[in-house]
Structure formats: C-alpha cells, structure tokens
Number of protein chains: 2
Amino acid sequence: MKNILFEFISKYVSLTEDEKNAIVSLDIFRSVKKGTTLLKEGQKSKDSYFVLKGCIRTYYVLDSEEKTTAFYTEMEALTPLCVISKTPSEYYISCIEDTILTVSNSDMGVEINSKFPKFETLCRILSEELLAKQQIDFDEFKTSSPEQRYLNLLQKRPDLVQRVPQHQLASFLGIKPQSLSRLRARILEKSKE
Amino acid sequence: MKNILFEFISKYVSLTEDEKNAIVSLDIFRSVKKGTTLLKEGQKSKDSYFVLKGCIRTYYVLDSEEKTTAFYTEMEALTPLCVISKTPSEYYISCIEDTILTVSNSDMGVEINSKFPKFETLCRILSEELLAKQQIDFDEFKTSSPEQRYLNLLQKRPDLVQRVPQHQLASFLGIKPQSLSRLRARILEKSKE
DNA sequence: TAAAATCGTTCACTTAAGTTAAGAAATGAA
DNA sequence: TTCATTTCTTAACTTAAGTGAACGATTTTA
C-alpha cells in the first residue's frame, strides 16, 4: 500500500530512504468504508487526499439535488477548494467504494516542506499538471454535447462507467439519469445499423 | 501603464524599487491592435500574458467552427496550456479589442526567479488562485443551464456581455448564436410579466 | 463610396434534454 | 429472507437548443 504511493511519487521526484521513512512516520494512510463522507458542506478542513485504491466523489447539493462534479480513483489527488480558499466547503466529498487513501493536512505540508524542499517541487509540479488537466477537461466539456461527453468518457475512463452509479454519472455529464439512459439506448441503436 | 501592473502585484507581494526596475528593464509591455492573433493552433510558445487594458480570447477551431473557451480582460493573467505542457497549441489566442498587455517568457521567469525569490511566491499564489477560480467556474458551468449561465454572467462580468460579440459570447456559454438571441428574448419576455 | 462580408435577430422545423410517472431490478436493513 | 428503499429504464409529453434560411444592420475592404 505504501508502495503504490512511492511508485506514484517516483514519477515526479526521487526519494531517499530517509525521506520515505519521514512520510511513513506521518501516519497518513487511512482505510475508509463505502458511503463514508469525508467532507460536508459548511465544514472547514485542511485535508488533502490521495486515492490509493477505491473511488471518491465530490458533489454539491443544490435545490436538494446532488450535482456530482468529479470522481477520483487510483493515483489521483484531490485538494478541496475550501483548503485553498480557507472558507467553509460548498460541497461534499464521499466514498463510493471501500477506499484506501492518504490524508495530508496542509500544516503538515509546511512542516515537511521545510525538512525536504523536494516536496515543494513535487507540489508545484502536481499543481501545474492538475491545472492543465482541469483546463483541458473544462474545454472538452464546453465544446461537446452530452452524447459526445459520454463517448469521450467511455474512451478515457471506461472504468468509471462501470464502477459508478448511473445517476451520479449522469449528473457528472451535466444531464438527468433518464437522459443518460435514453442517450445510451440511442447509441446502441445507432451501432446496430 | 506600468502602474497598473505594480498595483496588481502589490496585492500579493510588496516590491522594492530595485525589483520594479528589474521588471521594467525586461521590456515586457506590448500594445496590440484589435484582431491580432497572439497564438495559433499548432504553434509552440513560452509566452504568458497579463492584460492591462483591452480583451483577448482563447478559442478552438473544431469542424471549421470557432469554440470560444475564455475571455481575459483588465488585470487577468493567461498562461496558455501549451506553455505548461510544452506541446504545440491546440487553440488560438487573439485580441478582440486594442489591447495593452505584458508578455513574459517562461525562460525569463527562471532568470528573474533566481534573482528575486519573491516572484516564485507570486507565481505560486497566482497559480493556486487560478486553479481555485477555474474549479469554481467549471462547477458552475456543469451545474447550470445555458439560461442560468447567461444570467450568472450578467451578474459577474456584465462588461463582457457589452464588449464581446454575441456569437463569441454564445460559444462561450456553450450554445449557438441563435439560441442566445432567443434566450435573451425569453428573459425579456419574462421580466415584462 | 460602393460592394462584399459579417453579424444579430427572427422564423419554422428538427432533435434532444427536462419532467412526470410507472414498473422492474438491485440493494440494503430488519 | 423479506420488506422497504433506491436505482435504472422506458414512455409520453413539454421545453429548449440545434439547424437552415431569410433579412436588415453593421463593418470591412477594394
């Protein structure tokens, strides 16, 4: 389980044994049951997450309706908006599968950064990469229809379509569950011709 | 014109006269005519922009159709995706008004960072702020209808609705120009009742 | 300045998403 | 295991966006 994390980090910076031990001693690994809510609307938090195994999702509740905005699976990091903006969260974060993740407090970040400047580099690279990825996702979302978005998702994250409840997937695609059902039937019909 | 830039920077870090002079000596100020294209699809570039006066937009050309994804006006910074990813650009950037901006090369960034570590801090803060802003924009886009998006834009950036051509605004909202016209007529009709 | 191109709006028609409702299937809890 | 709840799908109907075309207004440019 630790190895998954170190394997991920090694893609960006190389760590010494000392540094690895320092991370392990922080005791950041958590095992969380399906359905657990990690963050609620209105709460303040300084915790960032990194998913080692499983799946978590972020969602707003607007007009007592859930609006799913993102899913995070293996090897994906999530720093909630409220951690950056230092304001109460406007959305929820919860586990849709039994999940193993690391929880790192932003205070902890400061401490470890002073000991190992390498982590600052790691964080900068990750944040730049995330910004780029998010911009691409946004552009793709804007420039395509719900059907195109679904087909795109099938290409890029086929696992999500399997492991995530349909109504959450629909919301993520910006449509209602009924529309997703219909849309899928339509695609199936087309492929038969 | 320099003052606009320094006023902006002073919100995040305070600069000495030496540091200000260092920036001025970089000769980064540019005056650009309406219609000028700053970056084309397929081009490589290391240039980031900061708008002092005027308006620039980013857009893709898909199926020979322009898809506008963003507008940048006074006091807004834009680092193109291709600068981060170091790949040819997939979109265009052009001026929709006569514009005064700063152009800063990412190599220049390295040079100035080594002389004035303060700039690294400035960049980190700006990039974090941008990430948060972009996430909020994305979430709002996903969770609302074209009509809600338009009304939201009227609230948040009323200047855009005035200064930007309608067909570019429509594309930015994720719809066709005809739909924007209709949607506006619909809103006007409702407000009469 | 005149001709050409672009732009914004309106209209009629088509297509797809929202809504409401109902029933089957899967899931969870007692 | 059974009962209750949630989830997924289908259907009929409503609403809104896409499409193609037309027309006047504005802007460009030759």
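These numbers come from a predicted model, not from an experiment. All chains are named by letter (A, B, ...) in the order of the sequence lines, taking the proteins before the strands, and each is independently numbered beginning at 1.
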hbond_proxy B:Arg182 side chain to D:dG18 base (donor-acceptor, 3.5 Å cutoff): yes
Residue-level proximity of residues 164-173 of chain B to DNA chain C when a heavy atom falls under 4.0 Å: B:Pro165, B:Gln166, B:His167
Could you state the atom-to-atom distance from [atom1] of [X] to [atom2] of [N] in whole Å?
{"X": "A:Lys34", "N": "D:dT7", "atom1": "NZ", "atom2": "C1'", "answer": "12 Å"}
{"X": "B:Glu147", "N": "D:dG18", "atom1": "CD", "atom2": "P", "answer": "14 Å"}
{"X": "A:Leu188", "N": "D:dC8", "atom1": "CG", "atom2": "P", "answer": "17 Å"}
{"X": "B:Leu183", "N": "D:dG18", "atom1": "CG", "atom2": "P", "answer": "10 Å"}
{"X": "B:Arg184", "N": "D:dA16", "atom1": "CZ", "atom2": "P", "answer": "18 Å"}
{"X": "B:Lys176", "N": "D:dA17", "atom1": "NZ", "atom2": "C1'", "answer": "10 Å"}
{"X": "A:Ile187", "N": "C:dA16", "atom1": "CD1", "atom2": "C1'", "answer": "13 Å"}
{"X": "B:Gln148", "N": "C:dG18", "atom1": "CD", "atom2": "P", "answer": "11 Å"}

B:Leu26-B:Leu101 co-clustered via ILVMFWY side chain contacts under 4.5 Å: no
ILVMFWY network linking A:Ile93 to A:Val61, side-chain heavy atoms under 4.5 angstrom: no
B:Glu90, CD atom: more than 12 neighbouring heavy atoms under 6.0 Å: no
More than 12 heavy atoms of other groups within 6.0 Å of A:Glu19 CD: yes
side-chain N/O A:Ser181 vs D:dT10 OP1/OP2, d < 4.0 Å: no
Candidate pair A:Ser48 and A:Ser104, rule side-chain hydrogen bond (donor to acceptor under 3.5 Å, both in side chains), full reasoning: CA-CA 5 Å; A:Ser48 291; A:Ser104 54; 4.9 Å; no
Candidates C:dA16, D:dT28, C:dA21 - which lies nearest the side chain of A:Arg186: C:dA16
Options C:dC11, C:dT19, D:dG18, nucleotide nearest the side-chain atoms of B:Gln178: C:dC11
Net bend of the helix from C:dT1-D:dA30 to C:dA30-D:dT1, end axes of five pairs each, nearest 10 degrees: 60°
ring-ring contact (aromatic ring centres under 6.0 Å, His included) assessment of B:Phe71 paired with B:Phe172: CA-CA 9 Å; B:Phe71 299 102; B:Phe172 178 66; 5.1 Å; yes
Positive for side-chain hydrogen bond (donor to acceptor under 3.5 Å, both in side chains) with B:Thr68, one of B:Gln168, B:Arg57, B:His167: B:Arg57
Check: B:Phe138 ring centre within less than 6.0 Å of A:Phe141 ring centre: yes
cation_pi(B:Lys11, B:Phe8) dist<6.0 Å, angle<=45: no
